[in-house]
Trainee: 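Below is a structure I'd like to ask you about.
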Amino acid sequence: MVYRFFIILVFLVYGNVYSQNSFGIKLINEKALPKGVLFEGKFLDAVRWTDSIGDNIVIRTQTGTHINKKFDHENDGRDAEIFAYHYLVEKGNVKLLWKVYDFIKDCPVDVEAEFFKDTFPVTDLDNDGIAEVWLMYKKVCHGDVSPCDMKIIMYEDRQKYAMRGENKVYGGTDEKGKKHYIGGDYTFDSAFDEGSVVFLAYAKQLWQKNIMQKWD
């Protein structure tokens, strides 16, 4: 009974990490990473599964607000960086399949570059036996309540798909009490435009689910 409750609890907390093709996806911690898996930033989370391309591990990390001495700092500002890595494990050895890196540098006001905490799906929407890995994050350098840049990056094997735009912020009400919002627009890259319609539909759903800016 206790074991069953634990499984239900894991699903409720991490229900966004799932597979449609029984890939056996597991959340793993930093200590469970194989030797040779390298990354920058602070470990956020990682998932591991097996599909038709092999034994896969994807890691998300981010630095938070800090100062990277590799950047020029003409404004005496701060930096924030995000990373994601996809490793294949083959006979005890690891090989980097792809890496995602983005950043804000030298920001003299509020700086932010971070993954959405509860958005890390692994899917097989086109049922081809190869997992699709979805990453969603926002980044901004601003001193007001303007929208943040927002991105969805999806990989299927080595093929990259990108959706880029802004999140949405509340802009107040007019004299009739109608609410107004700023931001929310997005564009798809050619890979999404030319790819499966199920990818487009899922990306739009993910975008709308996380479109509103949430203030800490």
Side-chain angles (χ1 to χ4, degrees), residues 13-14 16-17 30 38-46 58-86 98-121 133-155 160-193 200 202-216:
V13 175
Y14 296 107
N16 56 319
V17 181
E30 186 174 354
L38 304 176
F39 62 84
E40 295 183 66
K42 299 175 183 177
F43 180 88
L44 185 61
D45 48 22
V58 174
I59 309 162
R60 299 192 307 174
T61 71
Q62 56 194 35
T63 63
T65 302
H66 74 143
I67 296 177
N68 188 334
K69 295 181 179 180
K70 296 179 181 178
F71 293 145
D72 293 329
H73 293 87
E74 298 178 358
N75 299 314
D76 196 27
R78 298 170 297 165
D79 317 306
E81 303 164 80
I82 64 101
F83 307 83
Y85 305 84
H86 186 162
W98 52 256
K99 173 183 175 182
V100 171
Y101 173 59
D102 210 340
F103 61 90
I104 293 288
K105 69 174 183 176
D106 195 23
C107 178
V109 285
D110 293 331
V111 57
E112 187 177 8
E114 63 180 24
F115 289 104
F116 287 87
K117 294 180 180 179
D118 298 321
T119 306
F120 193 13
V133 181
W134 299 81
L135 304 166
M136 189 171 189
Y137 64 92
K138 59 183 178 178
K139 65 174 191 173
V140 71
C141 172
H142 64 187
D144 54 20
V145 292
S146 57
C148 301
D149 290 338
M150 193 161 72
K151 296 183 182 181
I152 291 176
I153 303 296
M154 188 271 277
Y155 269 93
K160 178 182 177 181
Y161 299 76
M163 181 180 183
R164 300 178 176 92
E166 296 179 329
N167 63 4
K168 186 183 289 186
V169 297
Y170 175 62
T173 57
D174 60 20
E175 63 277 4
K176 297 181 179 180
K178 183 179 179 180
K179 295 181 179 180
H180 290 273
Y181 297 90
I182 305 169
D185 295 333
Y186 57 80
T187 60
F188 289 105
D189 70 355
S190 59
F192 263 125
D193 286 334
L200 276 174
Y202 188 83
K204 290 177 182 178
Q205 180 185 25
L206 195 59
W207 191 274
Q208 291 301 320
K209 181 180 178 181
N210 296 279
I211 195 171
M212 290 303 302
Q213 173 68 35
K214 297 179 182 179
W215 308 103
D216 294 333

Trainee: Can you confirm whether more than 12 heavy atoms, excluding those of K99, are under 6.0 Å from its NZ atom?
Mentor: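 Yes, the 6.0 Å shell around NZ holds more than 12 heavy atoms from other groups.
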Trainee: For F120, does its backbone N or O pair with a side-chain atom of R60 as donor and acceptor, under 3.5 Å?
Mentor: no
Trainee: Is it the case that the side chain of D189 and the backbone of A162 share a donor-acceptor pair, with hydrogens and angles ignored and the cut-off at 3.5 Å?
Mentor: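 Looks like yes, one N/O pair under 3.5 Å.
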Trainee: Under the ring-ring contact (aromatic ring centres under 6.0 Å, His included) test, which residues partner Y137, sequence neighbours left out?
Mentor: F115
Trainee: Are side-chain heavy atoms of F71 and F103 found at a separation under 4.5 Å?
Mentor: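 F71 vs F103: side chains touch.
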Trainee: Would you give the length of the straight line joining atom CD1 of I152 to atom CG of L206, rounded to the nearest 0.5 angstrom?
Mentor: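 So the gap between those two atoms works out to 4.0 Å.
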Trainee: Is any side-chain heavy atom of Y85 closer than 4.5 Å to one of E40?
Mentor: yes
Trainee: Please name the pair of heavy atoms, one in D106 and one in N75, separated by the smallest distance, quoted to 0.1 Å.
Mentor: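 Closest approach of D106 to N75: OD2-N, 3.0 Å.
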Trainee: Distance from I104 atom CD1 to D110 atom CG, nearest 0.5 Å?
Mentor: 12.0 Å
Trainee: Less than 3.5 Å apart, any donor N or O on the side chain of D79 or H73 sitting next to an acceptor on the other?
Mentor: yes
Trainee: Applying side chain to side chain contact (heavy atoms under 4.5 Å, CB included) to K204 and F188, what does each step give before you reach the verdict?
Mentor: CA-CA 10 Å; K204 290 177 182 178; F188 289 105; 3.8 Å; yes
Trainee: Taking the side chain as everything from C-beta on, heavy atoms only, tell me whether V109 gets closer than 4.5 Å to C141.
Mentor: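 Yes, at least one pair of side-chain atoms sits under 4.5 Å.
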Trainee: Quick one: does H66's side chain get under 4.5 Å of N68's, heavy atoms only?
Mentor: yes
Trainee: Report yes or no: does Y161 contribute a side-chain atom to a donor-acceptor pair with the main-chain N or O of D193 at less than 3.5 Å?
Mentor: no
Trainee: So that I can tick it off, tell me whether K139 and E112 are bridged by a salt bridge, with the cut-off set at under 4.0 angstrom between side-chain N and carboxylate O.
Mentor: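 No, no charged N to carboxylate O under 4.0 Å.
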Trainee: As a quick check of understanding, evaluate salt bridge (charged side-chain N to carboxylate O under 4.0 Å, His left out) for R164 and D149, giving each step before the final call.
Mentor: CA-CA 8 Å; R164 300 178 176 92; D149 290 338; over 6 Å; no
Trainee: Given the rule in the side chain to side chain contact (heavy atoms under 4.5 Å, CB included) test, do T63 and F83 qualify, once you have shown the distances and angles that lead to the verdict?
Mentor: CA-CA 9 Å; T63 63; F83 307 83; 3.9 Å; yes
Trainee: Starting from the C-alpha separation in whole Å, work towards a yes-or-no answer on side chain to side chain contact (heavy atoms under 4.5 Å, CB included) for N167 and N210.
Mentor: CA-CA 8 Å; N167 63 4; N210 296 279; over 6 Å; no
Trainee: To the nearest 0.5 Å, tell me how far C107 SG sits from D76 CG.
Mentor: 11.5 Å
Trainee: Are any of the side-chain heavy atoms of M150 and F116 separated by less than 4.5 Å?
Mentor: yes
Trainee: Check the pair Y155, W134 against ring pair (Phe, Tyr, Trp, His ring centres under 6.0 Å), reporting the backbone distance first and the verdict last.
Mentor: CA-CA 7 Å; Y155 269 93; W134 299 81; over 10 Å; no
Trainee: Starting at CG of L135, measure out to NZ of K151 and round the result to the nearest 0.5 Å.
Mentor: 12.0 Å
Trainee: Is there side-chain contact between I82 and T61, with heavy atoms separated by less than 4.5 Å?
Mentor: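 No; the side chains remain at least 4.5 Å from each other.
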Trainee: Assess the residue pair I59 and F43 against the criterion (side chain to side chain contact (heavy atoms under 4.5 Å, CB included)); give the C-alpha distance rounded to whole Å, side-chain angles, the decisive distance to 0.1 Å, and a yes or no.
Mentor: CA-CA 8 Å; I59 309 162; F43 180 88; 3.8 Å; yes
Trainee: So which atom in F39 and which in E30 form the shortest heavy-atom distance, rounded to 0.1 Å?
Mentor: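 Looks like CZ-OE2, 3.4 Å.
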Trainee: Would you say that Q62 contacts E81 through its side chain, given a criterion of any heavy-atom pair below 4.5 Å between the two side chains?
Mentor: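 A side-chain contact under 4.5 Å is absent here.
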Trainee: Does some side-chain heavy atom of F192 sit less than 4.5 Å from a side-chain heavy atom of T187?
Mentor: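 Side chain of T187 against side chain of F192, heavy atoms only: no contact under 4.5 Å found.
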